[in-house]
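Side chains are part of it too, since the values below use all heavy atoms of this structure and drop only hydrogens, waters and symmetry mates. Residue numbers run from 1 in the order of the sequence given.
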Amino acid sequence: MNEYILARKKSRYFRELNTIVAVIAREVTVFFKSPAAIIMSLAMPVMMMFMIGGNMMGIAGGESLGPFMLVGMLVNMLFMVTCMGMSSLVDDHETDFNQEILVSPVSRYSLVIGKIFGASFGAIISMAGTIIVGLMMGITLPLCQLLLILALSPLMCFAGGAMSMILIGLIKSKKTANFAVMLITMPQMFLSGAIIPVNESNTVLLILSRLMPMTYCIDLTRAITGIEQPTFNPAVNFAAITALSFICLVIGTFFFARSETNR
C-alpha cells in the first residue's frame with residue numbers, strides 16, 4: 001500500500017515537472033518565432049540605458065555611478081521584460097490554451113511557474129543589450145560579477161513574474177495588461193534604487209521602496225557582486241524576495257485560476 005502511494009506521488013511530481021518544462025519549451029519556441037520579441041528584448045535596454053544612463057553619466061561625478069547604474073539596469077530589465085512576457089497569458093486566454101492546460105490533471109501553479117520561467121528567457125537575453133550599451137558608454141563589470149548576476153537572474157525573473165500575476169489574474173485585455181505592467185515596473189525603477197540611491201528618501205517614498213520586490217533584488221545583487229555596501233543583510237534580502245514572491249504568486253494564481261474557471 002505504501003509503495004502504491006509513493007508511486008502515485010512520484011508520478012504526480014513527474015507530471016507537474018513535465019508540465020513546467022513543456023510550458024517553458026513552448027514559450028522559448030514562441031520567442032524565437034517572433035522576431036519582434038527578440039528585437040524588443042534587445043532594443044528596450046538600449047533605449048533605457050541611452051536615455052537614462054546617458055543623462056546620469058553627464059552629471060558631475062556620473063562616471064562613479066557607472067557600475068552602480070549598470071547593475072541596477074540589469075536587474076530592472078530582468079523584471080520589466082519578464083513582467084511584459086507574462087502578459088502573453090492574456091493571449092493564451094483568448095486562444096483557450098489556458099483552458100486546455102487547466103482541464104488536465106495538473107496544478108495551476110505548474111502552468112504559472114512554467115510561464116514565468118519561459119518569459120524569463122527573453123529577459124535574460126535583454127541582459128546582453130544592457131551589457132553592450134554599457135560597454136559603449138565605457139561601463140564594464142568583471143566577468144565574475146556578470147556570472148554572479150546571471151546566476152541570480154532566475155530569482156529576479158521569478159520575483160518579477162510572480163508580482164505581475166496579480167494584475168494578469170484580474171485583467172483580460174492585452175492592451176490594458178501591457179499598460180498595467182508598465183505601471184508596476186516603471187515606478188520600481190526609480191524607487192528601488194536601480195538608478196539613483198534611495199536610502200535618503202523621505203518617509204513615504206522610503207516605505208514604498210521597502211514594499212517593492214525589486215528593491216531587495218537590487219540590494220542583493222549589488223551586495224553579492226560587491227558593487228555597494230548593502231542596505232540589508234543578503235539573507236534578509238533573500239528572505240524578503242522569497243516571501244514577497246510567494247505572496248504575489250499565491251494571490252495572482254488564485255485570481256488567474258478563478259477567472260479561467262468562471263469563463
Side-chain angles (χ1 to χ4, degrees), residues 13 15-32 34 37-38 40-41 44 74-93 95 97-102 104 106-127 149-172 174 177-178 180-185 188 192 212-214 216-218 220-221 238 240-260:
Y13 292 146
R15 184 170 63 246
E16 300 295 343
L17 180 61
N18 183 63
T19 301
I20 294 173
V21 173
V23 174
I24 293 174
R26 175 182 181 269
E27 293 303 306
V28 173
T29 302
V30 170
F31 176 81
F32 280 116
S34 175
I38 299 174
M40 197 64 184
S41 295
M44 186 178 294
L74 284 170
V75 176
N76 177 70
M77 294 313 302
L78 289 172
F79 251 73
M80 185 175 293
V81 177
T82 301
C83 288
M84 293 181 67
M86 290 299 293
S87 64
S88 65
L89 274 171
V90 179
D91 290 334
D92 293 340
H93 171 83
T95 60
F97 175 77
N98 295 335
Q99 288 285 305
E100 294 173 4
I101 293 292
L102 292 176
S104 59
V106 295
S107 169
R108 57 189 181 273
Y109 288 103
S110 297
L111 169 61
V112 173
I113 292 173
K115 197 75 177 182
I116 291 174
F117 285 115
S120 69
F121 182 81
I124 294 174
I125 294 296
S126 72
M127 290 178 62
I149 295 174
L150 182 63
L152 288 173
S153 60
L155 177 63
M156 313 304 169
C157 292
F158 186 78
M163 180 186 64
S164 67
M165 274 305 300
I166 295 179
L167 292 177
I168 301 301
L170 297 172
I171 298 172
K172 292 308 171 190
K174 182 63 178 293
N178 287 332
V181 165
M182 294 301 291
L183 283 180
I184 64 172
T185 54
Q188 289 194 87
S192 64
M212 296 178 173
M214 194 188 297
Y216 303 99
C217 290
I218 290 175
L220 175 62
T221 305
F238 184 82
I241 295 169
T242 303
L244 289 171
S245 299
F246 177 78
I247 293 171
C248 291
L249 182 67
V250 171
I251 295 174
T253 303
F254 169 77
F255 286 131
F256 167 71
R258 188 178 67 173
S259 67
E260 293 294 332

Between [atom1] on residue [X] and [atom2] on residue [Y], distance to nearest 0.5 Å:
{"X": "Leu152", "Y": "Thr221", "atom1": "CG", "atom2": "OG1", "value": "5.0 Å"}
{"X": "Ile125", "Y": "Phe32", "atom1": "CD1", "atom2": "CZ", "value": "6.0 Å"}
{"X": "Asn76", "Y": "Met214", "atom1": "CG", "atom2": "CE", "value": "4.5 Å"}
{"X": "Thr253", "Y": "Ile113", "atom1": "OG1", "atom2": "CD1", "value": "7.5 Å"}
{"X": "Leu74", "Y": "Met156", "atom1": "CG", "atom2": "CE", "value": "10.5 Å"}
{"X": "Ile124", "Y": "Met77", "atom1": "CD1", "atom2": "CE", "value": "13.0 Å"}

- Does the side chain to side chain contact (heavy atoms under 4.5 Å, CB included) test come out yes or no for Ile168 and Phe255, once each step is laid out? CA-CA 8 Å; Ile168 301 301; Phe255 286 131; over 6 Å; no

- Query: Would you call the rings of Phe117 and Phe158 parallel, tilted or perpendicular if under 30° counts as parallel and over 60° as perpendicular?
  - Reply: parallel

Nearest heavy-atom pair of [X] and [Y]: which atoms, and what distance?
{"X": "Glu27", "Y": "Lys115", "value": "OE2-NZ, 2.6 Å"}
{"X": "Ser110", "Y": "Thr19", "value": "CB-CG2, 4.0 Å"}
{"X": "Phe31", "Y": "Gly122", "value": "CE1-CA, 3.7 Å"}
{"X": "Gly114", "Y": "Ile24", "value": "O-CG1, 3.4 Å"}
{"X": "Cys83", "Y": "Ser164", "value": "SG-CB, 3.8 Å"}
{"X": "Thr82", "Y": "Ala123", "value": "OG1-CB, 3.2 Å"}

- Query: So, do Glu16 and Tyr109 sit near enough that their side-chain heavy atoms are less than 4.5 Å apart?
  - Reply: no

- Do Phe256 and Met165 touch side chain to side chain, with heavy atoms closer than 4.5 Å? yes

- Message: Please identify which of these residues, Cys157, Ser153, Pro154, meets the side chain to side chain contact (heavy atoms under 4.5 Å, CB included) condition with Ser120.
- Response: Cys157

- Ser245: which of Thr242, Ile241, Leu249 passes side chain to side chain contact (heavy atoms under 4.5 Å, CB included): Ile241

- Task: With sequence neighbours excluded, tell me which residues meet side chain to side chain donor-acceptor pair (under 3.5 Å) with Thr185.
- Result: none

